Amino acid sequence: MATPTALSDGARALILLCSSVVAARGEEARPFGPRMWAKLQTRLDEHGVGVAELLGMSASAIDARLGVGAVEADRIACLLARTGQLAFELDRLAARGIGAMTLADDAYPTRFLIRLGPDAPPVLFVAGDRAILGAGGVAIVGSRDVDPVSAAFAEAVAAAAAHDGKPVVSGGARGVDQLAMRAAFEAGGRVAGLLPEGIEGRLRDGATRTAVAEGLAVLASPYHPGAGFSAGAAMARNKLIYALSDVAVVVASAAGSGGTWTGAVEALEAGWVPVLVRRSNPMPDGNRQLIERGALPLDEPLLPDLSSLPAPTDRRRARQVAEEPSPYEQQSLKLVD
């Protein structure tokens, strides 16, 4: 299992501000979510202040430098005051092979910055080979309750990705996700698991722990390492699966509801990656409707040449994802300074 890397002061400040890995004092000191952090980051940039400079500052000093007001300055100071607790918790996690990755780290997935903008998670907790997170790959998604045809299709696509040297990107859920992960491992491939809960629980599974230790898998989650599953968190992490990938394959989806449907529709509207949908029979109604919404049909479990696919249409932003970095990305990359 890869040894977690050392953290810069900027990374430590981000973890303190944007995660609940150590307890904060009451609701008034709740950590910053992605969009709230993006606003604070903009304020820091406007005033020429690096996030690491906030460490050790009093609330009054923070307000004087940033002009955020007494209440917000107190919140920031309270969150940053957890430095001692953070050191103990990071040591505990490191003993389990778990580290933290932040927007201040060179290894942070640039796809998140470019495609998600202010929705990119400021902090990820990670176990395994972090290089897999930067390798793109094939997202394979689908229902938890999967029929035999869909199961075989998912396994074949995962094996094809492995043979092509492309990681499988998965949400790690029961059904299609886990079938694809297992098939990728069996074919000698790699897997990036983006989880809707903390990764400590997953590492208790022997097969998962072995795959991570052997460099075949990386687990990543924006949630507290000990957090349990929640439907809301699963919905929120769907965008991470698509944003990390080069192409997505929807194996089976219900129509109009459910995590697979919601994630695929969001990906189509955002234009993050080409979305391919299984068209072989029996074809779920959700698959048919996704194709009607603009997803590309996939009749066989074979991966097409990605260069032959039409570029996805971004219906929510005028800027194509392959163009120059967004202002958010440019600001994020300044955090290391």
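Note that the coordinates shown come from a computational prediction; the quantities given were computed from them, not determined experimentally.
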I want to check something: taking the side chain as every heavy atom from C-beta on, are [X] and [Y] in contact at a cut-off of under 4.5 Å?
X: Arg43; Y: His47; answer: yes
X: Arg12; Y: Leu90; answer: yes
X: Arg65; Y: Leu54; answer: no
X: Leu244; Y: Phe112; answer: yes
X: Val126; Y: Ile199; answer: no
X: Val249; Y: Pro301; answer: no
X: Pro121; Y: Trp37; answer: no
X: Phe185; Y: Thr210; answer: no

### Query
Does Arg75 count as lying over the ring of Phe32, i.e. NZ or CZ under 6.0 Å from the six-ring centre, within 45 degrees of the axis?
yes
### Query
Any chance CD of Glu46 has more than 12 other-residue heavy atoms, nucleotides or ligands included, within less than 6.0 Å?
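Result for CD/Glu46: enclosed.
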Whether [X] side chain and [Y] backbone form a donor-acceptor pair below 3.5 Å:
X: Ser221; Y: Glu197; value: yes
X: Tyr242; Y: Trp272; value: no
X: Asp147; Y: Ser150; value: yes
X: Arg182; Y: Leu179; value: no

### Task
Have a look at Ser245 and tell me which of Val168, Val138, Val169 forms a side-chain contact (heavy atoms from CB on, under 4.5 Å) with it.
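Of the listed options, the one satisfying the test is Val169.
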### Task
Give, for atom CD1 of Ile291 and atom CG of Leu268, the distance between the pair rounded to the nearest 0.5 Å.
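If I round to the nearest 0.5 Å, the distance is 10.5 Å.
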#### Entry: Separation between CG of Leu124 and CG of Leu219, rounded to the nearest 0.5 Å
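If I round to the nearest 0.5 Å, the distance is 12.0 Å.
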### Query
Step by step, would you call Val275 with Leu290 a side-chain contact (heavy atoms from CB on, under 4.5 Å)?
CA-CA 9 Å; Val275 178; Leu290 287 172; 6.0 Å; no
Result block: side-chain N/O donor-acceptor pairs under 3.5 angstrom for residues 250-262, not counting sequence neighbours:
from   : atom 1 : to     : atom 2 : distance (Å)
Ser253 : OG     : Trp261 : N      : 3.4
Thr260 : OG1    : Gly142 : O      : 3.2
Thr262 : OG1    : Gly258 : O      : 2.9

### Message
Under the salt bridge (Lys or Arg N to Asp or Glu O under 4.0 Å) definition, can you give me all pairs with a residue in residues 232-251, not counting sequence neighbours?
### Response
Arg111-Asp246, Lys239-Glu266
### Message
So, using side chain to side chain contact (heavy atoms under 4.5 Å, CB included) as the criterion, who are the partners of Asp164 when residues are at least two apart?
### Response
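Asp164 satisfies side chain to side chain contact (heavy atoms under 4.5 Å, CB included) with Lys166, Leu303 once adjacent residues are dropped.
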### Message
Please enumerate all residues that pass side chain to side chain contact (heavy atoms under 4.5 Å, CB included) together with Ser58, with sequence neighbours excluded.
### Response
Ser60, Ala61
### Message
I'd like to know whether Asp205 forms a side chain to side chain donor-acceptor pair (under 3.5 Å) with Thr208, so could you lay out the CA-CA distance, the side-chain angles of the two residues, the decisive distance to 0.1 Å, and finally the verdict.
### Response
CA-CA 5 Å; Asp205 175 73; Thr208 299; 2.8 Å; yes
### side-chain hydrogen bond (donor to acceptor under 3.5 Å, both in side chains) against Arg144, all qualifying residues, sequence neighbours excluded
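side-chain hydrogen bond (donor to acceptor under 3.5 Å, both in side chains) list for Arg144, sorted by chain: empty.
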### Task
Check side-chain hydrogen bond (donor to acceptor under 3.5 Å, both in side chains) between Arg279 and all other residues, then give those that pass, not counting sequence neighbours.
Asp299
#### Entry: Intermediate values then yes/no, side-chain contact (heavy atoms from CB on, under 4.5 Å), Ile76 and Leu40
CA-CA 10 Å; Ile76 293 169; Leu40 178 58; 4.0 Å; yes
### Query
So, for Ala162 and Ala184, which heavy atoms are closest and what is the spacing to 0.1 Å?
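What the structure gives for the nearest pair is CB-O, 4.0 Å.
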### Least distance between heavy atoms, Val277 atom then Ala295 atom
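Heavy-atom minimum between the residues: CG2-CB, 3.4 Å.
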### Task
Please assess Val123 against Val21 for the test side-chain contact (heavy atoms from CB on, under 4.5 Å), listing each intermediate value before the final yes or no.
CA-CA 10 Å; Val123 178; Val21 69; over 6 Å; no
### Query
Yes or no on side-chain contact (heavy atoms from CB on, under 4.5 Å) for Val22 and Phe88, after CA distance, side-chain angles and deciding distance?
CA-CA 9 Å; Val22 289; Phe88 283 114; over 6 Å; no
